Amino acid sequence: MPDVNDSAGSLTDVAGLAVGHWTSSQRPTGCSVVLCPAGAVCGVDVRGAAPGTRETDLLRPDNWVQQVHAVLLAGGSAFGLDAAGGVMRWLEERGHGLAVRGLRVPIVPAAVLFDLWIGDGRIRPDAAAGYAACEAATASPPAQGSLGAGAGASVGKLFGVERAMRGGIGTASLRVGAVTVGALVAVNAIGDVVDPNHGTVLAGGRGPDGRPRSAVAAILAGVLPPQAIAGMATTIGVVATDAVLDKAQAQRLATSAHDGLARTILPVHTMADGDTLFALATGASGRPGEMTVLGLLAAEAVARAVLQAVRHATGLAEPDLPALRDLA
């Protein structure tokens, strides 16, 4: 059994946030919601070349809307964006959202990952799934591994899906002084997941012996991968802090958080990935954010969350997708 660090903290260590998962009982897919009903400043940075997103333009610092009320992460590729409608309905029913002419309009940015190749791709998260994830949301540490948005996640697909291993969803947090930073990441990369402390491939494309081997080393040795299908992967997530930030700072925090992906996923931000990270700032600590420190913490929290995702993942027999724990 690999070392599973259940003391790594979680996104919900940031006050004012709750996380809920919905996982399909019919095939490996699902969605995860991060609720901030009182509103939080939000930024986003999209690095992958094949993203599937919703409500990201309004997060630009020069645009009018200042806060969001939830962020959705989902499987199901572009179909999974439907789940955000259920999150909106759940929030509206409870009076949360932007006040507009006597109505409440919840602002729910979202990002999706590609898991349609596992099982019956006609089954994917919908509005009912998003609503159910909200119903399940709690401020307790969320479950990790092969559930929610990470239910159909896989990694190490650069040399073909038949060599892949299980990805998943993971979380972690760090606290320095009065400020907390946490991350929740659904890891579905085309690349390998690597322990940055040792350079060891934890989960990735498998060699003839059935164990993961480095895609980077293979390419440097002249072994070239086949043509990848655009959008067949994607790592998505949320980083959050209780520091006080404006929209420009939140966007910068999302940018810094991608350093955590770059430390733990090789290669990352490819033409077949739609890697997207959101950043939330609740302001609950009342402390202004020092961006150099927050950026460092965000990258570290994301890196730890990626490792947590594959350490908690469970394998699939059909298709053959072993998890890290299966190879220990």
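Nothing here was measured: the structure is a model prediction, and the numbers come from that model. Values below: all heavy atoms of this structure, side chains included; hydrogens, waters and symmetry mates excluded.
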Give a yes or no on whether the backbone of [Y] and the side-chain of [X] come within a donor-acceptor separation of less than 3.5 Å.
X	Y	answer
Thr171	Leu11	yes
Asn188	Gly167	no
Thr23	Gly148	yes
Thr234	Gly274	yes
Arg166	Leu321	no
Gln251	Ala248	no
Ser10	Ala172	no
Arg27	Ile118	yes
Asp242	Val179	no

Partner set under ring-ring contact (aromatic ring centres under 6.0 Å, His included) for His258, not counting sequence neighbours: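 Result, ring-ring contact (aromatic ring centres under 6.0 Å, His included) vs His258: His269.
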Heavy-atom side-chain proximity of [X] to [Y] below 4.5 angstrom:
X	Y	answer
Val193	Pro212	no
Leu294	Leu245	yes
Thr12	Pro142	yes
Leu277	Leu261	yes

So, using salt bridge (Lys or Arg N to Asp or Glu O under 4.0 Å) as the criterion, who are the partners of Arg60 when residues are at least two apart?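 Arg60 satisfies salt bridge (Lys or Arg N to Asp or Glu O under 4.0 Å) with Asp62 once adjacent residues are dropped.
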Salt bridge (Lys or Arg N to Asp or Glu O under 4.0 Å) partners of Glu92, counting only residues at least two apart: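 Testing Glu92 for salt bridge (Lys or Arg N to Asp or Glu O under 4.0 Å), a comparison that skips the adjacent residues, returns none.
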I'd like to check the side chain to side chain donor-acceptor pair (under 3.5 Å) partners of [X]; sequence neighbours left out, ordered by chain and number.
X	result
Glu300	Arg263, Arg304
Ser140	Thr138
Glu135	Trp90, Arg94
Thr180	Arg175

What's the separation between atom [atom1] in [X] and atom [atom2] in [Y], rounded to the nearest 0.5 Å?
X	Y	atom1	atom2	result
Ser32	Leu184	OG	CG	6.0 Å
Arg311	Asp195	CZ	CG	6.0 Å
Asp320	Arg206	CG	CZ	4.5 Å
Asp273	Ile236	CG	CD1	11.5 Å

Test: ring pair (Phe, Tyr, Trp, His ring centres under 6.0 Å). Region: residues 170-218. Which pairs qualify, not counting sequence neighbours?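 Listed by first then second residue: nothing to list.
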Among pairs that include at least one residue of residues 34-85, which meet ring pair (Phe, Tyr, Trp, His ring centres under 6.0 Å), considering only residues two or more places apart or in two chains?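 Every pair satisfying ring pair (Phe, Tyr, Trp, His ring centres under 6.0 Å) with a residue in residues 34-85: there are none.
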Enumerate, atom names and distances included, each donor-acceptor pair closer than 3.5 Å involving a side-chain atom of residues 98-110, sequence neighbours excluded.
| residue | atom | partner | partner atom | Å |
| --- | --- | --- | --- | --- |
| Arg104 | NH1 | Gly97 | O | 2.8 |

Counting only heavy atoms not in Arg252, do more than 12 fall under 6.0 Å of its CZ?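 Open: at most 12 neighbouring heavy atoms sit under 6.0 Å from CZ of Arg252.
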State whether a side-chain donor-acceptor pair under 3.5 Å links Thr29 with Asp115.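 Yes - a donor-acceptor pair under 3.5 Å links their side chains.
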Quick test of your reading: applying side chain to side chain donor-acceptor pair (under 3.5 Å), list the pairs with at least one residue in residues 118-131, sequence neighbours left out, ordered by first then second residue.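 Listed once each, the pairs are Glu93-Tyr131, Asp120-Arg122.
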Please give the remaining members of the hydrophobic cluster of Leu220, linking ILVMFWY side chains under 4.5 Å, ordered by chain and number.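 Joined to Leu220, directly or through intermediates: Val194, Val201, Val216, Leu266.
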I'd like to know if Phe278 and Leu81 are part of one continuous hydrophobic network [Ile/Leu/Val/Met/Phe/Trp/Tyr, side-chain heavy atoms within less than 4.5 Å].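 No; Phe278 is not reachable from Leu81 via cluster members.
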